[in-house]
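See below for the structure under consideration.
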Amino acid sequence: MPVPVATRAVPFFDYQAFYTRQAEMFDRAMKGVLTRGAFILQQEVRDFEAALADYLGVRHAIGVANCTDALIIGLRVAGIGPGDEVIFPSHTFVASPSSIHWVGARPIPVDMGEDGLIDPSAIEAAITPKTKAVMPVSLNGRTCKFDAIQEVCDRHGLVIVEDSAQALGSRFQGKAAGTFGAIGTFSFYPAKILGCFGDGGAIVTDDDDLAHQARLYRDHGRDEATGQVVQWGLNSRLDNLQAAVLLAQFEHYPETIARRREIASMYHEGLGGLPQLKLPPAPGADPDHFDTYQNYELCADRRTELASHLRAQGIGTLIQWGGKACHQHEALGLPSSPLPRTEEFFQRCLMLPVNLFVTNDDVAYVIDHIRGFYDN
Ligand SMILES: *Cc1c(COP(=O)(O)O)cnc(C)c1O
């Protein structure tokens with residue numbers, strides 16, 4: 001039988017289209033910065049920080065170089081260091097535990113719950129006298145069960161430092177991801193929902209003192225008001241050019257989220273009922289969670305074959321993080337006790353394209369080919 005030729009290209013993410021789709025808007029924003037020579041800690045950084053804080057309903061937002069730095073600085077200002085243990089979900093990007101490692105603390109991986117996110121009862125079971133903090137990760141644009149997590153942390157006197165890299169605009173019971181702990185952190189890596197043309201990140205907090213310390217850390221320990229060096233610091237500033245790129249898009253952020261939710265609904269309708277798939281919850285399925293669908297990640301029977309089948313049809317998919325949970329990266333020497341839910345998840349997970357470059361026809365095409373794969 002002849003192999004059918006792909007009739008469409010639906011890349012997983014289109015880095016070129018990211019710029020070209022809105023080139024005029026971006027050119028205007030960048031030209032403003034370039035012609036003024038305003039590169040480091042200038043107006044666009046301040047404006048973006050103000051817009052971000054306002055959007056999240058939080059007192060402070062501090063632009064930094066990337067989310068990994070945001071986590072490192074966040075843990076440090078929250079007082080986490082050598083001798084401490086920090087509990088995190090093994091179902092996350094390696095940046096979550098590496099930030100814990102780089103403040104000198106010990107990352108303790110735990111299993112996920114039914115929802116794919118950190119299991120509050122697994123947190124409780126992993127607590128030792130050395131435990132100082134928990135790092136919940138709101139993955140794929142879905143918030144963790146923060147009521148249960150906060151209850152456990154309050155009872156044991158633990159600090160929450162949120163890895164909300166994938167969850168800008170996601171809400172749990174109406175409250176924004178990133179605002180549940182002492183510190184929240186965001187990534188503006190290009191493929192994140194709000195991305196820039198390189199690396200970028202932010203720290204958010206309601207605590208004036210933590211915010212002040214974070215500002216010192218990101219700029220060589222220099223006090224903004226006096227310019228004096230008042231402590232050891234780093235260079236982890238959000239570039240002003242990237243801030244301009246972020247600000248330009250941020251105006252349309254609600255539409256961006258709405259479009260992702262629309263695509264998720266289409267996938268849900270088109271793929272619902274296939275017994276070989278476990279889909280993420282549809283938008284609005286659970287009134288406690290407002291999902292932004294940073295990713296549309298499902299679990300699938302024969303997922304590697306499905307991915308090849310889709311690739312042959314011009315459809316890009318992604319098996320996140322090389323198909324491994326953090327505790328499965330042997331080189332890191334993390335505690336390796338089995339985390340059964342997480343391990344099973346990584347045998348079956350697959351992400352479908354969900355971004356602003358995907359058209360409704362693209363989504364229908366992806367659905368048809370997934371259905372076709374299981375029909376045969
Ligand atoms: C992207 C990401 C990070 C790291 O963000 P960078 O800005 O690339 O440093 C951390 N945690 C999670 C869950 C992420 O998805």
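Atoms within each ligand, like the ligands themselves, are counted from 1 in listed order. Note that these values count all heavy atoms, side chains included, but never hydrogens, waters or copies made by symmetry.
The protein heavy-atom contact nearest to atom 8 (O) of ligand 1 is S187 OG, 3.9 Å. Ranking the protein heavy atoms by distance from atom 3 (C) of ligand 1 puts F93 CD2, 3.6 Å first. Looking only at heavy atoms of the protein, atom 11 (N) of ligand 1 is closest to D163 OD2, 2.7 Å. Scanning the protein for heavy atoms near atom 5 (O) of ligand 1, the closest one is C67 CB, 3.2 Å.
Between R59 and D208 there is a salt bridge, since at least one side-chain N of the basic residue sits less than 4.0 Å from a carboxylate O of the acidic one. In summary, E224 and R215 engage in a salt bridge, as defined by a charged side-chain N under 4.0 Å from a carboxylate O.
Each of the following atoms of ligand 1 lies closer than 4.0 Å to a heavy atom of A95: 4 (C), 10 (C). Heavy-atom contacts of V137 reach the following atoms of ligand 1: 13 (C) (cutoff under 4.0 Å). Near N66, meaning under 4.0 Å from one of its heavy atoms, ligand 1 places the atoms 7 (O), 9 (O). For ligand 1, the atoms lying closer than 4.0 Å to a non-hydrogen atom of A165 are 2 (C), 3 (C), 10 (C), 11 (N), 12 (C), 14 (C). The ligand atoms of ligand 1 that sit less than 4.0 angstrom from a heavy atom of T92 are 13 (C). Proximity to Q166 (heavy-atom distance under 4.0 Å) selects the following atoms of ligand 1: 15 (O).
Between T68 and ligand 1, a contact under 3.5 Å exists for at least one N or O pair.
Using bins of under 30°, 30° to 60° and over 60° for the plane-to-plane angle, the ring pair Y267/Y296 lands in the tilted bin.
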- Test side-chain hydrogen bond (donor to acceptor under 3.5 Å, both in side chains) on D223 and Q228 and set out the steps. CA-CA 5 Å; D223 188 280; Q228 292 295 310; over 6 Å; no

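For the side-chain contact (heavy atoms from CB on, under 4.5 Å) test with L139, the passing option among N295, L117, D115 is L117; the others fail.
The closest donor-acceptor contact from the side chain of H91 to the backbone of G116 lies under 3.5 Å. With hydrogens and angles ignored, the 3.5 Å screen pairs no side-chain donor or acceptor of T179 with any backbone N or O of K175.
Within the 4.5 Å cutoff, the side chain of E343 has heavy atoms near those of the P338 side chain.
K192 counts as a contact of ligand 1, since one of its heavy atoms falls under 4.0 Å from the ligand.
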